[in-house]
Amino acid sequence: MLQNIAIFGCTGSIGRQSLDVCRRLGIFPRFFSCHSQVELLAEQIREFKPQAVAVTDEEAADRLQTFMSPRDRQRTAIYRGEADLLNLAQEPVDRVLMAISGFAALAPSYVAIQAGHDLALANKEAVVVAGDLLLPLAREKGVMIYPVDSEHSAIWQCLAAAPQGSCRKLYLTASGGPFRTWTRDQMAAVSPQEALAHPVWSMGAKISIDSASMMNKGLEILEACQLFRVDESQVQVLIHPEGIVHSLVEFKDGAILGQLGMPDMRLPIQLALTWPDRIDTDLPAFDFFALASDRSLNFYQPDDQRFPALALARLAAREGKEAPLILNAANEVAVSAFLAGQVKFTGITDLVALALDHFLAGPRLTDFSLNGMIDHDKLVKAYCRDQVSTLGAQT
Ligand code: NDP
Ligand code: MG
């Protein structure tokens, strides 16, 4: 079993569940990173005794020592700030679990791949924005990318059962989120608390809002196009409220394979950490007869009118180049603004649509290097922040 692993974003929802997997498997990761939750990080250090940790918020990094015992301070080195996070990404490990949320995962993912480390990839934004940069680099370096996102883990498991090139279509399942049956008018009035309450999964704030707006599924269409090299027209979204079928693949001969299981992220996390092995686990197993009161699995077509995020993501996928970056950057600003009470829930996709219109009509990005994309992300976000006040007043 792999022991020599790093967990980036160890204090988040995926990070904490990854540590639970490690606890159950007897793995002691050697490197951790978080942004600012240093009290929790200190507890994790006490339990797992890593060699080094990185804290990107420098003020929080200064506070970390005060929560650590003298023994932990002696054993565990502390890296501070964004540049040091990239140094941590170069430390020699067999696998990096990337669970930093948002665009912030791009640079450490790039550096980890550059250093030849296999990635268990939970973060989706990096590959959505810069798949054209990360995936060729991974191929060049012989780096494996094991998807953690449950749908992509399911698809990857199904694809492993058939010869390459035999896939016709991907079915990406979606719970539909808390507003699955709501009208657009009803959605305009929802509070952050309502949008954060996901019916199936317990997740970080950003992805919970993305799930409610269906932008999460939009990002996942783009993620699937990158990871599995398919066209967006080959990716069909299926609303599946029970969250049991994690996704499916239709092959050229018409056969469909799906992956089923409990909606528990620890399962895809464990697989991405232990692949090519499947390890026995005491996590709750799926019981067909305890499924639901009517013992049924349901599948519906998504409604693009009520959830414009899906059409926006498909537009970005067809457009390619920097369009997914624009979509992602605008969405990150819009989600923060919604959580801060500055825009309505329906204003999130309004802002994304506005940013795509604006930037796709103007001078286009020509520098698709890591730094070129980091600069463009800043530019789009600055524009979107300016728009937030106008949009907040209108919507
Ligand atoms: P959380 O918000 O719960 O956790 C994010 C983690 O990243 C925390 O450790 C946080 O540190 C750290 N972080 C935040 N901002 C920065 C930054 N600027 N620089 C460095 N580190 C940072 O997110 P989730 O765990 O929910 O999601 C993580 C990723 O996994 C996302 O891309 C999401 O889409 C994807 N994912 C999540 C699923 C889930 O069930 N949660 C399912 C499938 C995919 P701190 O806590 O100190 O702020
Ligand atoms: Mg998912």
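We count ligands from 1, going down the list as the structure has it; atoms in each ligand are counted the same way. Along the sequence shown, the residues carry numbers beginning at 1. Just so it is clear, the structure is predicted and the values come from calculations on it, not from any experiment.
- Taking distance alone, with nitrogen or oxygen atoms compared against 3.5 Å, S13 approaches ligand 1 more closely than that limit.
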Item checked: side-chain hydrogen bond (donor to acceptor under 3.5 Å, both in side chains) evaluation trace for Q51 with R30 -> CA-CA 5 Å; Q51 182 182 320; R30 285 180 62 197; 2.4 Å; yes

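- Ranking the protein heavy atoms by distance from atom 47 (O) of ligand 1 puts S36 N, 2.6 Å first.
- A ring-centre distance under 6.0 Å is found for F345 and F179.
- E151 contributes atom OE1 as its closest N/O/S atom to the Mg ion (ligand 2).
- Scanning the protein heavy atoms around atom 26 (O) of ligand 1, the nearest turns out to be G204 N, 2.9 Å.
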Margin query: Could you walk me through whether D20 and R24 satisfy the salt bridge (Lys or Arg N to Asp or Glu O under 4.0 Å) test, starting with their C-alpha distance in whole Å, then the side-chain angles of each, then the deciding distance to 0.1 Å, before giving a yes or no?
Written below: CA-CA 6 Å; D20 191 42; R24 287 160 184 270; 3.1 Å; yes

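- Below 3.5 Å of separation, one finds an N or O of G9 facing an N or O of ligand 1.
- Residues F359 and Y383 place their aromatic rings such that the two centres sit under 6.0 Å apart.
- By the criterion of a heavy-atom distance under 4.0 Å, the side chain of M265, and not its backbone, is placed next to ligand 1.
- Protein heavy atom at the shortest distance from atom 36 (N) of ligand 1 is I207 CD1, 3.6 Å.
- Considering only non-hydrogen protein atoms, atom 45 (P) of ligand 1 sits nearest to T11 OG1, 3.3 Å.
- Within a 6.0 Å sphere centred on CZ of R71, heavy atoms belonging to other residues, nucleotides or ligands number 12 at most.
- The two residues T349 and T346 make their nearest non-hydrogen contact at OG1-O, 3.4 Å.
- Going from atom OG of S166 over to atom CG of D253 covers 7.5 Å, rounded to the nearest 0.5 Å.
- Between D132 and K321, none of the side-chain N atoms (NZ, or NE/NH1/NH2) sits under 4.0 Å from a carboxylate O, so this pair counts as no salt bridge.
- Both the backbone and the side chain of S101 come within 4.0 Å of ligand 1, judged by heavy-atom distances.
- An angle of 100° is found at the Mg ion (ligand 2) between D149 atom OD1 and E220 atom OE2, rounded to 10°.
- Among all non-hydrogen protein atoms, the one lying nearest atom 28 (C) of ligand 1 is A99 O, 3.3 Å.
- Distances between N or O atoms of R16 and those of ligand 1 include no value under 3.5 Å.
- Among all protein heavy atoms, the one lying closest to atom 20 (C) of ligand 1 is T56 OG1, 3.3 Å.
- Ligand-side atoms of ligand 1 in range of I100: 7 (O), 20 (C), 21 (N), 22 (C), 29 (C), 32 (O), range being under 4.0 angstrom from any heavy atom.
- Less than 4.0 angstrom separates some heavy atom of G12 from each of these atoms of ligand 1: 1 (P), 3 (O), 4 (O), 8 (C), 9 (O), 25 (O).
- In this structure, the protein non-hydrogen atom closest to atom 32 (O) of ligand 1 is E125 OE1, 2.7 Å.
- Ion pairing of K217 with E220 is present here, as a side-chain N (NZ or NE/NH1/NH2) and a carboxylate O approach within less than 4.0 Å.
- Side-chain contact, N371 with S369: no donor N or O sits under 3.5 Å from an acceptor N or O.
- Looking only at heavy atoms of the protein, atom 22 (C) of ligand 1 is closest to H35 CB, 3.5 Å.
- Taking only non-hydrogen atoms, the option from S33, A104, A122 nearest to atom 17 (C) of ligand 1 is A104.
- The environment of E82 atom CD is sparse: at most 12 non-hydrogen atoms of other residues, nucleotides or ligands sit within 6.0 angstrom.
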